[in-house]
Amino acid sequence: MTESSILSEARAGYHVITLNRPERLNAFNDAMHEALRDAIAQAEADESCRALLITGAGRGFCAGQDLSDRLLKPGEKPLPRKSLEIYYNPLVRKLRALPFPVIAAVNGVAAGAGCNIALACDIVLAARSASFTQSFARIGLIPDSGGTWLLPRLVGEARARALALLAEPLPAEKAEQWGLVWKCVDDAALAGEARKLCEHFAAAPTQGLALIKRALDASAGNSFDAQLDLERDLQREANMTPDYAEGVRAFMEKRKPNFSGRKSS
Ligand code: T3D
């Protein structure tokens with residue numbers, strides 16, 4: 001494990017990344033962005049990595065941008081910032097495109113970009129004490145890191161607009177009821193539930209799961225017809241994987257499949 005603003009740990013079949021600036025509720029500065037980018041690249045480069053878990057140290061998941069880096073001195077004029085191009089957008093694009101499931105274990109408050117980075121993950125597990133806040137409107141910004149795209153798709157237009165415009169915290173239980181997150185669990189159960197999910201994915205047909213991610217991500221911009229064509233193409237790829245052959249064999253032999261997660265045998 002490396003001690004820094006990002007803790008990264010390789011476990012059997014998956015990696016765990018912990019956002020680690022607890023005194024700032026794990027808000028992002030540039031160094032943390034860079035360390036996170038490196039940790040994700042390490043997970044991607046590790047052939048044995050079949051899932052990624054992201055969580056936060058301390059009582060928060062992530063409070064978005066570290067605003068102490070944005071405080072203007074008296075008389076100083078604001079500059080056009082490039083943090084979305086350089087950091088936030090590449091990060092959420094990468095999380096969506098990783099060829100294995102990404103799980104966010106939201107252990108506490110998720111605010112601003114920290115909220116939308118969690119929502120960009122494939123599965124969001126939330127501790128009962130956690131909350132989700134589109135805090136941008138409180139400081140004159142707009143939801144970023146995919147928020148304006150994800151929110152209406154996850155919770156519908158009416159709730160998305162109220163969440164974005166009012167910037168009120170949404171408690172984890174309501175977030176689950178609204179379909180913003182997959183599941184809300186007791187605080188003490190969060191780490192164990194997240195580990196179980198990762199262990200499940202570490203033994204899953206990883207190539208097939210990567211194709212599922214691609215199909216779901218493309219669906220929002222596709223017509224029904226175009227999506228059928230995409231499903232045909234991706235299913236052809238899935239057909240060719242050793243895990244499909246193993247899945248069918250195991251079914252016929254009435255045993256648990258032993259998936260390798262690899263592209264070829
Ligand atoms: O410029 C660009 O790059 C554009 C990109 C923007 C992306 C964004 O994410 S913009 C949104 C930025 N985030 C926020 O606006 C959230 C700010 N934080 C809060 O509203 C509250 O802290 C929370 C609602 C998240 C939690 O409230 P609470 O009462 O549980 O905790 P707290 O006391 O406010 O925070 C604890 C400490 O963390 C505190 O420090 P202190 O007083 O103990 O020394 C607080 O200042 C610090 N902290 C929390 N969030 C941030 C932060 N420090 C810097 N930046 C933060 N975002």
Side-chain angles (χ1 to χ4, degrees), residues 4-7 17-37 40 54-96 102 104-121 124 126-152 154 159-175 178 180-181 184 187 190:
S4 75
S5 55
I6 291 294
L7 306 179
I17 291 177
T18 305
L19 311 177
N20 189 40
R21 300 185 72 222
E23 68 290 352
R24 292 277 164 96
L25 299 180
N26 306 317
F28 276 96
N29 59 16
D30 291 359
M32 182 163 128
H33 270 296
E34 281 154 27
L36 177 59
R37 190 180 56 203
I40 293 173
I54 303 181
T55 192
R59 72 174 179 90
F61 175 74
C62 177
Q65 173 61 42
D66 188 325
L67 296 175
S68 67
D69 289 350
R70 297 292 183 264
L71 188 62
L72 297 179
K73 295 190 184 79
E76 196 181 349
K77 293 234 160 36
L79 289 169
R81 297 231 162 244
K82 293 204 165 175
S83 60
L84 267 59
E85 292 101 294
I86 297 174
Y87 295 124
Y88 291 103
N89 288 355
L91 169 60
V92 291
R93 284 193 175 111
K94 175 55 80 180
L95 294 175
R96 301 295 281 195
V102 182
V106 179
N107 50 301
V109 62
C115 179
N116 293 334
I117 288 164
L119 300 182
C121 294
V124 187
R128 207 166 298 283
S129 67
S131 61
F132 297 82
T133 310
Q134 296 293 322
S135 46
F136 306 89
R138 290 192 198 164
I139 53 169
L141 291 182
I142 70 155
D144 60 21
S145 304
T148 57
W149 192 92
L150 289 164
L151 281 175
L154 289 169
R159 285 169 169 166
R161 281 183 186 252
L163 287 173
L165 295 171
L166 294 171
E168 284 176 3
L170 188 70
E173 279 183 9
K174 205 171 224 184
W178 284 13
L180 190 75
V181 305
C184 165
D187 289 18
L190 182 72

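Counting starts at 1 for both ligands and their atoms, following the listed order. Just so it is clear, the values below take in all heavy atoms, side chains as well, and ignore hydrogens, waters and symmetry mates.
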Chemist: Tell me the ring pair (Phe, Tyr, Trp, His ring centres under 6.0 Å) pairs involving residues 56-86, sequence neighbours left out?
Modeler: none
Chemist: Under a 3.5 Å threshold, I'd like every N/O contact between ligand 1 and protein atoms, with atom names and distance.
Modeler:
unit_1: ligand 1; atom_1: 1 (O); unit_2: Arg70; atom_2: NE; d: 2.6
unit_1: ligand 1; atom_1: 3 (O); unit_2: Arg70; atom_2: NE; d: 3.2
unit_1: ligand 1; atom_1: 3 (O); unit_2: Arg70; atom_2: NH2; d: 2.8
unit_1: ligand 1; atom_1: 3 (O); unit_2: Ser83; atom_2: OG; d: 2.4
unit_1: ligand 1; atom_1: 9 (O); unit_2: Gln65; atom_2: N; d: 2.8
unit_1: ligand 1; atom_1: 9 (O); unit_2: Ala113; atom_2: N; d: 2.9
unit_1: ligand 1; atom_1: 13 (N); unit_2: Ala63; atom_2: O; d: 2.9
unit_1: ligand 1; atom_1: 30 (O); unit_2: Arg59; atom_2: NH1; d: 3.0
unit_1: ligand 1; atom_1: 30 (O); unit_2: Arg59; atom_2: NH2; d: 3.3
unit_1: ligand 1; atom_1: 31 (O); unit_2: Arg59; atom_2: NH2; d: 2.9
unit_1: ligand 1; atom_1: 55 (N); unit_2: Leu67; atom_2: N; d: 2.9
unit_1: ligand 1; atom_1: 57 (N); unit_2: Ala63; atom_2: O; d: 3.1
unit_1: ligand 1; atom_1: 57 (N); unit_2: Gln65; atom_2: O; d: 2.8

Chemist: Ignoring hydrogens and angles, tell me if any N or O in the side chain of Thr133 forms a donor-acceptor pair with the backbone of Ser135 under 3.5 Å.
Modeler: no
Chemist: With Leu91 as reference, evaluate Ile86, Leu84, Ile40 under the side chain to side chain contact (heavy atoms under 4.5 Å, CB included) test and give the passing residue.
Modeler: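 Of all the options given, the one that passes is Ile40.
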Chemist: Tell me the salt bridge (charged side-chain N to carboxylate O under 4.0 Å, His left out) pairs involving residues 78-93, sequence neighbours left out?
Modeler: none
Chemist: Salt bridge check: are Arg24 and Asp66 linked by an N-O gap of less than 4.0 Å?
Modeler: yes
Chemist: With Arg159, which residues qualify under side-chain hydrogen bond (donor to acceptor under 3.5 Å, both in side chains), at least two apart?
Modeler: none
